[in-house]
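After the structure tokens below, expect a handful of questions from me.
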Amino acid sequence: MAQSTLIWAALALLLVSSTLGSSDVPFIVAHKKASLTRLKSGAERVSVSIHIYNQGSSTAYDVSLTDDSWSQDVFDIVSGNTSNSWERLDGGGLLTHSFELEGKTKGLFYGAPAVITFRIPTKAALQEAYSTPILPLDVLADRPPEKKFEGVSSKKSSYI
């Protein structure tokens with residue numbers, strides 16, 4: 001009895017997933033990436049890039065990106081904006097947005113996912129998707145200086 005229930009549940013899941021996978025709608029997937037760069041002045045820059053993919057078969061319209069997780073108490077915007085908008089993202093298409101910040105406060109920072117909103121012609125309601133989160137950033141952390149030539153030996157070996 002339990003085995004037949006499990007088989008019916010698996011069959012129902014397969015039917016639902018195949019129906020969703022073949023529907024003619026946008027399917028937004030977004031990847032957010034951040035990296036730290038220490039400047040010679042001691043300041044630390046955060047480079048943020050967000051890639052928005054439409055894995056669906058139809059166009060997403062009025063696409064907007066908002067990344068409000070960067071508090072003005074902790075970061076200054078050096079270049080770009082934390083939000084952007086585009087008229088459309090075609091099925092199979094890619095949009096990329098980047099900006100750069102400078103850390104003002106020392107500490108571990110946990111960034112939230114960016115929010116992407118878009119419209120589908122067949123639905124009146126605004127659709128919403130989220131980017132991947134970023135790994136925690138240790139902003140202005142005490143780091144030992146890099147040893148550029150560590151492991152390089154000054155001894156010469158000779159083979160006779």
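Please read all numbers here as calculations on a predicted model, not as lab measurements. The figures here come from the full heavy-atom set of this structure, side chains too, leaving out hydrogens, waters and symmetry mates.
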Legend entry - Same cluster (ILVMFWY, side-chain, under 4.5 Å), F27 and L126: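 No, F27 and L126 fall in different hydrophobic clusters.
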Inset, instruction - Could you tell me whether the side chains of D67 and T82 share a donor-acceptor contact shorter than 3.5 Å? - result: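 Side chains of D67 and T82: no pair found under 3.5 Å.
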Inset, instruction - Report yes or no: do F99 and L137 belong to one cluster of Ile/Leu/Val/Met/Phe/Trp/Tyr joined by side chain heavy-atom distances under 4.5 Å? - result: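 Same cluster: F99 reaches L137 through Ile, Leu, Val, Met, Phe, Trp or Tyr contacts under 4.5 Å.
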Inset, instruction - Flag the pair E102 / V46 as yes when at least one side-chain heavy-atom distance between them is below 4.5 Å, and no otherwise. - result: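 No; the side chains remain at least 4.5 Å from each other.
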Inset, instruction - Check the hydrophobic clustering (I, L, V, M, F, W, Y; side-chain heavy atoms under 4.5 Å; chains of links allowed) and say if W86 and L94 are grouped together. - result: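 Per the 4.5 Å side-chain linkage, W86 and L94 are not co-clustered.
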Legend entry - Expected output: side-chain Q127 to main-chain A125 donor-acceptor under 3.5 Å: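 Judged by distance alone, yes, a pair lies under 3.5 Å.
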Legend entry - Hydrophobic cluster identity match, I116 and Y61, side-chain contacts under 4.5 Å: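 Looking at the clustering, Y61 is in a separate group from I116.
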Inset, instruction - Using modelled atom types only, decide if a donor and an acceptor are shared between the side chain of S64 and the backbone of T117 within a distance under 3.5 Å. - result: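 Side chain of S64 to backbone of T117: no pair is present.
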Inset, instruction - Assess the pair F75 and F109: is the distance between their ring centroids shorter than 6.0 Å? - result: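 Between F109 and F75, which both carry aromatic rings, the centre distance is below 6.0 Å.
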Inset, instruction - Considering non-hydrogen atoms only, spot the tightest contact between T59 and P26 and give its length. - result: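 Reported closest heavy-atom pair: O-CG, 3.4 Å.
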Inset, instruction - Of all the heavy-atom pairs spanning D24 and S57, show the shortest one and how long it is. - result: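 Residues D24 and S57, closest heavy atoms: OD1-OG, 2.9 Å.
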Legend entry - Atom CG of L39: over 12 foreign heavy atoms under 6.0 Å: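 Yes, the 6.0 Å shell around CG holds more than 12 heavy atoms from other groups.
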Inset, instruction - State, with a plain yes or no, whether a side-chain heavy atom of L108 is found less than 4.5 Å away from one of Y110. - result: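 Yes, their side chains come closer than 4.5 Å.
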Inset, instruction - Measure across R88 and V63 and return the closest heavy-atom pair with its distance rounded to 0.1 Å. - result: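 Taking R88 first and V63 second, the nearest heavy atoms are C-CG2, 4.3 Å.
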Inset, instruction - For the pair D142 and K106, evaluate salt bridge (Lys or Arg N to Asp or Glu O under 4.0 Å) and give the outcome as yes or no after the intermediate values. - result: CA-CA 9 Å; D142 296 324; K106 180 180 177 176; 2.8 Å; yes
Legend entry - Nearest-0.5 Å distance, CG of residue L140 to CD of residue E44: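 So the CG of L140 and the CD of E44 are separated by 5.0 Å.
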Legend entry - Main-chain N/O of G93 paired to N54 side chain as donor or acceptor, under 3.5 Å: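 Looks like no, no N/O pair under 3.5 Å.
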Inset, instruction - Using the test salt bridge (charged side-chain N to carboxylate O under 4.0 Å, His left out), find all partners of K33 that sit at least two apart in sequence or belong to another chain. - result: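 With sequence neighbours excluded, K33 shows a salt bridge (charged side-chain N to carboxylate O under 4.0 Å, His left out) to no residue whatsoever.
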Inset, instruction - Using modelled atom types only, decide if a donor and an acceptor are shared between the side chain of E100 and the backbone of S47 within a distance under 3.5 Å. - result: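 The answer is no, because no donor-acceptor pair under 3.5 Å joins these two groups.
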Inset, instruction - Report yes or no: does R38 contribute a side-chain atom to a donor-acceptor pair with the main-chain N or O of R45 at less than 3.5 Å? - result: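 The answer is no, because no donor-acceptor pair under 3.5 Å joins these two groups.
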Legend entry - Linked, directly or transitively: Y53 and I28 (ILVMFWY side chains, under 4.5 Å):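 They do not share one cluster, since no chain of ILVMFWY contacts under 4.5 Å joins Y53 to I28.
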Legend entry - Under 3.5 Å: donor-acceptor pair, side chain of H97, backbone of V48: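 Not a single qualifying donor-acceptor pair exists.
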Inset, instruction - Please report the shortest heavy-atom distance between P113 and K32, naming the atom on each side. - result: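 The pair with the smallest heavy-atom distance is C-NZ, 4.4 Å.
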Legend entry - Shortest non-hydrogen contact between T132 and H31, atoms and distance: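 Scanning both residues completely, I find the closest heavy atoms to be OG1-ND1, 3.3 Å.
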Inset, instruction - Determine, stepwise, if the pair L65 / I50 fulfils side-chain contact (heavy atoms from CB on, under 4.5 Å). - result: CA-CA 9 Å; L65 163 73; I50 303 167; 3.9 Å; yes
Legend entry - Between CZ on residue R119 and CG on residue D62, distance to nearest 0.5 Å: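 Here the interatomic distance stands at 6.0 Å.
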Inset, instruction - Provide the closest heavy-atom pair for A114 versus S131 in the form atom of the first, atom of the second, distance. - result: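 Reported closest heavy-atom pair: N-OG, 2.8 Å.
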Inset, instruction - Step by step, work out the salt bridge (Lys or Arg N to Asp or Glu O under 4.0 Å) result for D73 and K104. - result: CA-CA 7 Å; D73 295 336; K104 299 192 295 189; 5.7 Å; no
Legend entry - Trace of the side-chain contact (heavy atoms from CB on, under 4.5 Å) decision for V139 with T105: CA-CA 7 Å; V139 180; T105 306; over 6 Å; no
Inset, instruction - Spell out, as yes or no, whether a donor-acceptor pair under 3.5 Å connects the side chain of N81 to the backbone of S83. - result: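 Such a contact is absent between N81 side chain and S83 backbone.
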Inset, instruction - Could you tell me the separation between the OG atom of S35 and the CG atom of L135, rounded to the nearest 0.5 Å? - result: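 Those atoms lie 12.0 Å apart.
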